[in-house]
Amino acid sequence: MVLSMVEAIAPATSANLGAGFDVFGVALDVLFDRVLVERIVANKTIEITVDGEGAEEIPREPEKNTAGVVAKELLKLSREKCGLRIKIHKGIKPGSGLGSSAASAAAAAVAINELLGLELSQLQLIETATLGEMTSAGAPHADNVSAAILGDFIVITSRKPLEVLKLKLPPNVEFAIVSPEIKFNTSLARSVLPRKVALSSMIYNVSRAATFIAGITLNNIEIMGKGMNDMVVEPARAHLIPGLNHVKKKALDAGAAGVTISGAGPSVIALVDSKRADAEKIALTMVEAFDELGVKSRSFHAKPGPGAKVVRKE
Ligand code: ADP
């Protein structure tokens, strides 16, 4: 059957989780982007419309929109001489550190793969969606798109060639997330990173990342939380998020196992063991902490969730 349209959704994701910079990512079960793709039979153009959260700041030109980049790439791979109309409904605010551009890229990849009958592997879909990330972040980081496509928790084990492992997190894992409403420049958050790191920082970060993974294999959320500290990336970005240390302290005092910047920021993510603490309460504690400093914010609580999927096809 030749399809005329496919709609897919992809989840918000949180990358890094402390020391796993550009390597760790987790899919969240709360916020989603929705991408509907239709064939244009008359010509080979790519048309993009966007509505929803922060739609006004998202480029419509295919080469600047992460879903558009994916569409161009997949049309190249396909032998079909058609164009694509892409309707993006944003459920994830762009530039908040929750993988907004990655979700559009992931949902577009999954939808177009189905529409054009390409039968690409999940790794190929991740590679394609990562090209989209190059346009939004200026760096081909695959952590958000890998989590958005595969779901759960992922580790990028090799960048070239791309290899990704997916791990199930302990069943009591929950996350509390707070997104401060501040002016934030995602590309600046990448440019402030040091080009070189001291050996002592490298040792510290390798130890933290190993601790996080050890916590997963031991089903021990407290140990995972101890692994969420980072001596390289977070200190370089901390000044971009006013009140970060205050919010972190309040969340830890309220029972979070670990707290760090989500992705490039400015959202902050806390790991919670649902047997020991209440993620919703911790999220509200973080809102209060920002409030004390005069910063308005929104909060969410989430569990690790599934990856992108087709929700409708005709
Ligand atoms: P974060 O991971 O912090 O949510 P993003 O990866 O969403 O940050 O980066 C936001 C940048 O990506 C913005 O400059 C935005 O204009 C650009 N962008 C390009 N295409 C999209 C898209 N389809 N959805 C969201 N942002 C997009």
Side-chain angles (χ1 to χ4, degrees), residues 8-17 21-22 24-28 30-37 46-73 84-112 128-149 177-193 233-234 237 240-241 260-269 298 300 302 308:
I9 58 169
T13 49
S14 182
N16 307 344
L17 294 155
F21 178 69
D22 278 5
F24 294 167
V26 66
L28 304 170
V30 271
L31 306 171
F32 298 85
D33 269 12
R34 191 170 275 277
V35 175
L36 188 155
V37 187
I46 295 171
E47 290 172 17
I48 299 178
T49 56
V50 191
D51 66 17
E53 284 282 342
E56 55 297 338
E57 53 189 275
I58 295 173
R60 270 60 172 174
E61 303 95 307
E63 53 289 339
K64 291 192 184 152
N65 189 299
T66 56
V69 173
V70 168
K72 270 188 132 172
E73 197 60 26
L84 294 172
R85 186 171 297 114
I86 303 172
K87 296 177 184 171
I88 303 173
H89 178 72
K90 300 292 304 174
I92 310 160
K93 193 168 173 276
S96 57
L98 295 171
S100 172
S101 62
S104 289
V110 166
I112 299 167
T128 313
T130 303
L131 294 175
E133 285 291 78
M134 186 72 200
T135 53
S136 71
H141 64 108
D143 44 4
N144 289 102
V145 287
S146 298
I149 285 178
I177 299 137
V178 63
S179 299
E181 290 170 9
I182 56 170
K183 268 213 168 315
F184 193 79
N185 182 334
T186 304
S187 22
L188 176 68
R190 206 162 252 277
S191 68
V192 296
L193 300 181
V233 175
E234 189 169 297
R237 286 175 169 167
L240 302 173
I241 308 171
T260 188
I261 299 174
S262 178
S267 294
V268 178
I269 184 162
R298 289 200 274 181
F300 314 93

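Treat the numbers as computed from the prediction; the structure is a model and nothing was measured. Start at 1 and go down the list; that is how both ligands and their atoms are numbered. Computed over heavy atoms, backbone and side chain alike; hydrogens, waters and symmetry mates excluded.
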Lys/Arg N to Asp/Glu carboxylate O, Glu53 vs Arg298, below 4.0 Å: yes
Residue list, side chain to side chain donor-acceptor pair (under 3.5 Å) with Thr128, at least two apart or on another chain: none
Ser267 and Ser262: CA distance, side-chain angles, deciding distance, side-chain hydrogen bond (donor to acceptor under 3.5 Å, both in side chains) verdict: CA-CA 5 Å; Ser267 294; Ser262 178; 5.5 Å; no
Flag, side chain of Asp33 to backbone of Lys90, donor-acceptor distance under 3.5 Å: no
Derivation of the side-chain contact (heavy atoms from CB on, under 4.5 Å) call for Asn65 and Val50: CA-CA 10 Å; Asn65 189 299; Val50 191; 4.3 Å; yes
Neighbouring residues of ligand 1, heavy-atom cut-off under 4.0 Å: Glu57, Ile58, Pro59, Lys64, Asn65, Thr66, Lys90, Pro94, Gly95, Ser96, Gly97, Leu98, Gly99, Ser100, Ser101, Ser104, Ser136
Steps toward side-chain hydrogen bond (donor to acceptor under 3.5 Å, both in side chains) verdict (Glu63, Thr135): CA-CA 8 Å; Glu63 53 289 339; Thr135 53; over 6 Å; no
